[in-house]
Protein chains: 2
Amino acid sequence: MEGFAGKITIQVSEKVYLKQPDSTVLGQKIVAGAIDMIDEIGFEDFTFKKLAKAISSTEASIYRYFTCKHNLLVYLLLWYWGWQEYRLILATTNVEDPKERLRRALKVLVEKTQKDATFSQVDEEKLSRIVISESGKAYFSKAVDHENEMGYFKQYKDVVQGVADLVLEVNPDFKYPHMLVSTVIGGAQHQRYFAEHLPKLTDVIKGEDAVSDFYMDLVFKEIEA
Amino acid sequence: MEGFAGKITIQVSEKVYLKQPDSTVLGQKIVAGAIDMIDEIGFEDFTFKKLAKAISSTEASIYRYFTCKHNLLVYLLLWYWGWQEYRLILATTNVEDPKERLRRALKVLVEKTQKDATFSQVDEEKLSRIVISESGKAYFSKAVDHENEMGYFKQYKDVVQGVADLVLEVNPDFKYPHMLVSTVIGGAQHQRYFAEHLPKLTDVIKGEDAVSDFYMDLVFKEIEA
DNA sequence: ACAAATATAATAGTAATACTATCACGTTGT
DNA sequence: ACAACGTGATAGTATTACTATTATATTTGT
């Protein structure tokens with residue numbers, strides 16, 4: 001199993017990079033270094049110059065992989081949702097009962113993200129925090145429509161579509177599967193952030209994973225007409 | 001009633017501005033001009049220099065009202081949530097039935113925002129789009145904790161608290177009122193954006209206000225144990 | 001083994017941004 | 001009448017987000 005798992009890589013649309021970061025040592029250092037730095041100082045303060053210094057390279061070299069820092073962020077987001085897609089497949093294949101399939105899929109999406117040993121070069125916990133804090137900067141931009149056409153949000157949309165299909169397997173008459181799923185995914189991420197920084201916007205209950213409990217309950221109450 | 005309503009102003013914490021924008025013609029032009037410009041070109045591309053030109057003033061003059069463009073954004077967000085608080089009060093006072101009170105409050109928050117003639121200097125439709133697109137840039141920053149202490153999110157938290165209380169009036173045993181309310185508010189705003197730009201993340205049904213229907217249904221199904 | 005191709009480093013430069021600072025001018029209140 | 005204040009005009013700075021060029025490694029094909 002080890003050798004098998006070791007060969008898995010998450011494919012990211014080549015439209016977001018100039019040169020595949022996976023393919024070289026420098027490329028991998030850029031991605032790993034960017035995850036560290038964006039998690040630490042935030043995307044606004046993150047610059048290619050600082051990253052270059054941190055990984056002992058140069059600004060110009062990083063520009064050979066990504067046209068701009070925005071695209072590097074989009075790359076990270078696409079990788080994250082590609083990874084979630086892979087985890088969804090692992091969690092649901094060979095599970096027969098539709099309700100159980102949906103339950104397992106939701107678990108992947110609403111539970112707190114943990115490190116995945118399959119991809120040693122990526123720190124998924126840090127990446128998850130980046131996805132929570134910085135996604136808005138990618139989605140809510142004046143370039144959305146163009147970037148959507150370029151496939152910048154494909155992976156995320158696929159995840160939503162996949163889980164929406166599972167919802168329909170449980171209740172084929174449910175009218176709002178995409179809305180429910182995107183609400184739950186986005187909501188769970190926000191709640192985890194709120195719990196840490198704006199606790200008045202959430203309900204933290206000690207000893208319980210309130211976020212998981214709440215959203216799991218919400219989905220099944222909503223679709224079980 | 002006209003004269004009475006005409007005297008209402010939304011109070012915004014003085015910590016976000018250097019000089020009250022309400023108090024002068026220039027201040028009002030800065031706020032109104034900022035709403036127009038941020039809605040049009042987005043917060044990233046918005047600069048005080050461009051705003052100054054648009055309202056025939058100077059960069060330095062705008063800096064006498066706001067220390068930075070970020071604080072101007074925070075001002076707009078505080079104003080918006082202060083305004084929503086006022087609308088919530090209007091919608092719920094003198095309504096006896098708890099369920100009806102909650103229903104009316106939710107309507108205010110999930111329905112599409114329309115112009116409010118009470119505040120002629122503010123274009124609430126544009127402001128609403130700004131709140132949807134740019135809120136994340138204020139909430140998900142490395143300065144959250146500090147800004148939270150400064151009261152930058154107070155108005156929003158008050159709105160969530162107020163509606164959470166209405167939820168508890170309907171079902172005093174419900175465990176997650178804040179989570180439910182913040183999920184619904186944030187979700188509804190995102191869905192309106194998705195409907196326009198990323199339709200695969202939502203379920204638009206022609207002739208129906210799917211967003212309102214979905215979230216209204218979601219809340220009552222969830223809390224009616 | 002050696003030239004050719006390619007990758008990266010080193011350095012310099014640019015327009016725009018997000019401010020700060022200074023001074024001049026006109027209006028307002030006392 | 002004059003100080004205080006609000007605004008405008010102008011200039012200046014460090015940083016950012018790039019682009020461009022050249023030099024030096026490293027890899028690759030033959």
Side-chain angles (χ1 to χ4, degrees), chain A residues 14-34 37-38 40-76 121 134 137-138 141-143 146-147 152, chain B residues 14-34 37-38 40-76 121 134 137-138 141-143 146-147 152:
Chain A
E14 44 179 44
K15 281 179 184 160
V16 286
Y17 53 76
L18 292 171
K19 190 174 172 173
Q20 199 164 23
D22 282 18
S23 66
T24 65
V25 177
L26 179 61
Q28 287 164 18
K29 277 164 74 181
I30 290 171
V31 171
M37 189 169 278
I38 296 173
E40 213 190 310
I41 65 175
F43 185 66
E44 314 263 88
D45 288 346
F46 164 81
T47 68
F48 278 3
K49 200 169 195 169
K50 289 178 192 166
L51 175 58
K53 203 183 167 189
I55 62 172
S56 306
S57 179
T58 64
E59 220 182 337
S61 297
I62 299 172
Y63 274 105
R64 274 193 208 93
Y65 285 82
F66 296 99
T67 50
C68 56
K69 71 171 190 167
H70 180 259
N71 275 24
L72 171 46
L73 176 60
V74 172
Y75 177 89
L76 296 181
Q121 62 294 27
E134 319 292 357
K137 288 151 201 169
S141 95
K142 288 287 160 185
H146 177 243
E147 293 189 355
Y152 283 21
Chain B
E14 43 179 45
K15 281 178 184 160
V16 287
Y17 53 76
L18 293 171
K19 190 174 174 174
Q20 199 164 24
D22 281 19
S23 66
T24 64
V25 178
L26 179 61
Q28 288 165 18
K29 275 163 74 180
I30 290 170
V31 171
M37 191 171 276
I38 296 173
E40 212 190 310
I41 65 174
F43 185 66
E44 313 263 89
D45 288 347
F46 165 80
T47 70
F48 279 3
K49 201 168 195 171
K50 288 178 191 166
L51 175 59
K53 204 182 166 191
I55 62 172
S56 306
S57 179
T58 63
E59 220 182 337
S61 296
I62 298 173
Y63 274 106
R64 278 191 205 96
Y65 286 82
F66 296 99
T67 50
C68 57
K69 71 173 192 165
H70 180 258
N71 275 23
L72 170 46
L73 177 60
V74 173
Y75 177 89
L76 296 180
Q121 65 288 32
E134 318 292 356
K137 287 151 201 171
S141 95
K142 288 288 160 183
H146 177 243
E147 295 189 354
Y152 284 21

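Naming: A, B, ... by sequence-line order, numbering from 1 per chain. The figures here come from the full heavy-atom set of this structure, side chains too, leaving out hydrogens, waters and symmetry mates.
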Mind calculating the distance between [atom1] ([X]) and [atom2] ([N]) to the nearest angstrom?
| X | N | atom1 | atom2 | value |
| --- | --- | --- | --- | --- |
| A/Phe48 | C/dT11 | CZ | P | 21 Å |
| A/Glu44 | C/dT17 | CD | C1' | 13 Å |
| B/Lys29 | D/dT7 | NZ | P | 10 Å |
| A/Phe46 | D/dA17 | CZ | C1' | 12 Å |
| B/Leu18 | D/dT7 | CG | C1' | 15 Å |
| B/Gln28 | D/dG6 | CD | P | 15 Å |
| A/Leu51 | D/dA17 | CG | C1' | 14 Å |

### Task
Return the nearest nucleotide to the side chain of B/Leu26; candidates are C/dT8, D/dT16, D/dG8.
D/dG8

Less than 4.5 Å apart, side chain to side chain, heavy atoms only: is that true for [X] and [Y]?
| X | Y | result |
| --- | --- | --- |
| A/Lys137 | B/Lys137 | yes |
| B/Leu51 | B/Lys69 | no |
| A/Asp22 | A/Gln121 | no |
| A/Thr24 | A/Tyr65 | yes |
| B/Leu73 | B/Phe46 | no |

### Task
Verify the neighbour count for atom NZ of A/Lys142: are there more than 12 heavy atoms of other residues, nucleotides or ligands below 6.0 Å?
yes

#### Entry: Residue-phosphate contact under 4.0 Å: A/Lys49 side-chain N/O, D/dC18 OP1/OP2
no

### Query
Taking OP1 and OP2 of D/dT10, is either one under 4.0 Å from a side-chain nitrogen or oxygen of B/Thr58?
no

### Task
Kindly state which residues belonging to residues 59-73 of chain A come within less than 4.0 angstrom of DNA chain C, counting heavy atoms of the residue only, listed by number.
A/Ala60, A/Ser61, A/Arg64, A/Tyr65

### Query
Reckon A/Lys50 touches a base, only the sugar-phosphate, or nothing at all at heavy-atom distances under 4.0 Å?
sugar-phosphate

### Query
Which part of the nucleic acid, if any, lies within contact of A/Ser23, taking any heavy atom under 4.0 Å across all strands shown: a base, the sugar-phosphate backbone alone, or nothing?
nothing

### Task
Please work out which of the three classes, parallel, tilted or perpendicular, describes the rings of A/His70 and A/Tyr152, given edges at 30° and 60°.
tilted

